[in-house]
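Quick notes on the structure that follows.
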Amino acid sequence: MAVNLVMYIMNKIKLLFFATIRDRAGVKSLELDIPAEMTVKDLKDKLSTDYPGLKDSMKSVLVAINHEYAFDEAIVPQDAEIGMFPPVSGG
Amino acid sequence: MAVNLVMYIMNKIKLLFFATIRDRAGVKSLELDIPAEMTVKDLKDKLSTDYPGLKDSMKSVLVAINHEYAFDEAIVPQDAEIGMFPPVSGG
Amino acid sequence: MQSSNLPTIFSITESEIDLNNLVAQITLTSTGAAAIFTGMVRGVTSRGDEHETEYLEYEAYIPMAEEKMKQVADEIREKWPVIEGIAIVQRIGKLYPKTPTVLIACTAAHRDTGVFDAARYGIDRLKEIVPVWKKEVGPNGEEWIEGDYIPKAGE
Amino acid sequence: MQSSNLPTIFSITESEIDLNNLVAQITLTSTGAAAIFTGMVRGVTSRGDEHETEYLEYEAYIPMAEEKMKQVADEIREKWPVIEGIAIVQRIGKLYPKTPTVLIACTAAHRDTGVFDAARYGIDRLKEIVPVWKKEVGPNGEEWIEGDYIPKAGE
């Protein structure tokens with residue numbers, strides 16, 4: 001059945017961390033298998049659990065999916081590149 | 001008597017013409033002896049009479065005395081450098 | 001103005017920002033005015049928390065930053081359709097006081113076309129949505145500078 | 001701001017206007033922002049009387065022009081006391097399309113200090129009171145461009 005099938009598909013995503021988030025993560029990037037149909041909120045919760053150092057950061061982190069800002073309700077698409085960073089401070 | 005004495009003092013001034021005014025005058029500069037206590041208005045009238053080519057220009061010319069804008073009532077000081085030109089168009 | 005033929009430059013670079021060259025690249029034969037903003041590293045800051053800076057270390061999420069710069073340029077063209085050329089450049093790496101770090105330049109036929117406002121808008125937006133960060137290094141150690149703008153959906 | 005120690009550059013020149021160099025000269029260790037205006041020769045003008053320009057020939061009443069540029073800088077400092085450096089440069093001679101002819105640059109600690117308005121004010125005032133004129137040479141002959149501003153007493 002289609003519904004059950006979807007639940008078994010995993011999604012291979014690439015996470016990129018910048019600035020303070022990278023410092024706290026201790027790595028620049030991470031490849032991760034996450035369940036399909038996961039939301040940004042779910043992903044942040046998962047990272048808070050799996051990487052305790054990121055817990056505080058996940059409250060205010062900005063998230064970009066494939067170079068566009070994304071918010072809690074967004075579904076993480078297949079093979080997404082996810083950027084995580086604090087508010088920008090260029091110029 | 002002081003009053004009579006002043007009337008005989010002549011004032012040697014230098015006139016500088018720019019842009020359209022120079023084209024009409026046919027010269028870049030002119031040294032002139034004018035009566036002391038002459039006003040800018042008197043000077044413009046004198047130039048209109050002595051140089052008919054300048055007559056039209058004298059109606060709208062801008063005048064500078066020693067690098068400062070000057071107006072009809074101003075008295076031309078001794079040894080003044082007088083600039084005469086149309087409204088500026090730099091930039 | 002046919003925006004597809006108009007010069008739009010955006011780049012993240014580690015090289016010196018060359019104002020002469022960038023302005024020349026966005027000057028058309030119909031161009032009569034350029035408004036340019038550059039920001040530079042302050043060695044001494046007196047507004048707010050007074051402090052000294054030894055250098056700033058900039059980093060960018062480069063492909064996203066370039067896309068967001070393009071978006072800033074598109075927003076400028078939508079708001080000021082008479083703008084002819086646009087250049088948006090962010091320098092990254094270790095940058096010392098007095099060094100230009102960012103440039104926004106807009107050109108137009110005349111100066112009263114909004115070209116100044118367009119450049120001002122450009123630097124304001126860059127500091128809101130272009131993913132670049134800087135770490136400040138000074139006599140009291142180092143600290144990431146954080147902005148305070150939270151992009152909204154669709155930005 | 002102690003204006004006596006602050007860099008103020010004004011010049012009439014026949015040489016190329018070097019933006020990099022001029023901005024560097026008015027950048028202090030406390031400077032974080034520069035707003036710059038440059039004007040260039042338009043080869044094609046479409047606003048008003050549509051026409052083409054082969055070149056412009058600029059001339060100046062040099063010593064008075066330099067004094068009036070100083071006055072423009074003084075006016076800027078009076079209106080925006082936080083301005084740090086000011087550069088005002090007018091190029092003269094025969095100048096071809098796309099060539100920068102004039103530059104006004106103002107620096108300040110931050111971009112929200114009026115530094116954009118100061119640069120805008122500078123170019124507006126230059127075009128009112130600094131004695132420089134240009135003759136336009138095009139396919140239909142040559143013509144002096146005349147401004148329309150009549151200075152008032154004390155200007």
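Every heavy atom of this structure was used, including side-chain atoms; hydrogens, water molecules and symmetry mates were not. In what follows, chains carry the letters A, B, and so on, assigned in the order in which the sequence lines appear, proteins first and then strands, with residues in each chain numbered from 1.
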Between A:F18 and chain C, which part of the residue has a heavy atom less than 4.5 Å away: side chain, backbone, both or neither?
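For A:F18, heavy atoms of backbone and side chain both lie under 4.5 Å from chain C.
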Could you tell me which portion of [X] (side chain, backbone, both or neither) has an atom closer than 4.5 angstrom to a non-hydrogen atom of chain A?
X      : result
C:I129 : both
C:Y149 : backbone
C:K127 : both
C:A60  : backbone
C:E146 : both
C:K68  : side chain

Would you name the heavy atoms of [X] and [Y] that are closest together and state the gap between them?
X      : Y      : answer
C:D148 : A:P87  : N-CB, 4.1 Å
A:Y69  : C:V130 : OH-N, 4.4 Å
A:S89  : C:I145 : OG-O, 2.8 Å
C:L126 : A:V88  : O-CG2, 4.3 Å

Rounded to the nearest 0.5 Å, what separation is found between the CE atom of C:M64 and the CD atom of A:E81?
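If we round to the nearest 0.5 Å, C:M64:CE and A:E81:CD are 10.0 Å apart.
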CZ/A:F71 to NZ/C:K152 distance, rounded to the nearest 0.5 angstrom?
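It comes to 9.0 Å.
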A:Q78 atom CD, over 12 foreign heavy atoms within 6.0 Å
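Yes - once you tally the heavy atoms of other residues, nucleotides and ligands closer than 6.0 Å, there are more than 12.
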Would you find more than 12 non-hydrogen atoms of other residues, nucleotides or ligands less than 6.0 Å from C:K135 atom NZ?
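Buried by this count: over 12 neighbours within 6.0 Å.
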Do the side chains of C:E66 and A:H67 get nearer than 4.5 Å, heavy atoms only?
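Not touching, per the 4.5 Å side-chain cut-off.
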Measure the shortest side-chain to side-chain distance between C:W133 and A:T20 over non-hydrogen atoms and say whether it is less than 4.5 angstrom.
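Not touching, per the 4.5 Å side-chain cut-off.
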At a heavy-atom distance under 4.5 Å, which candidate from C:E155, C:E57, C:M40 has the highest pair count against chain A?
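Top count of heavy-atom pairs under 4.5 Å with chain A: C:E155.
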Looking at C:A65, C:G154, C:A153, which one has more heavy-atom pairs under 4.5 Å with chain A than the rest?
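Sorted descending by pairs with chain A, the first entry is C:A153.
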Before giving the answer on side-chain contact (heavy atoms from CB on, under 4.5 Å), spell out for C:W144 and A:R22 the whole-Å C-alpha distance, their side-chain angles and the decisive distance to 0.1 Å.
CA-CA 11 Å; C:W144 282 99; A:R22 186 194 53 240; 3.7 Å; yes
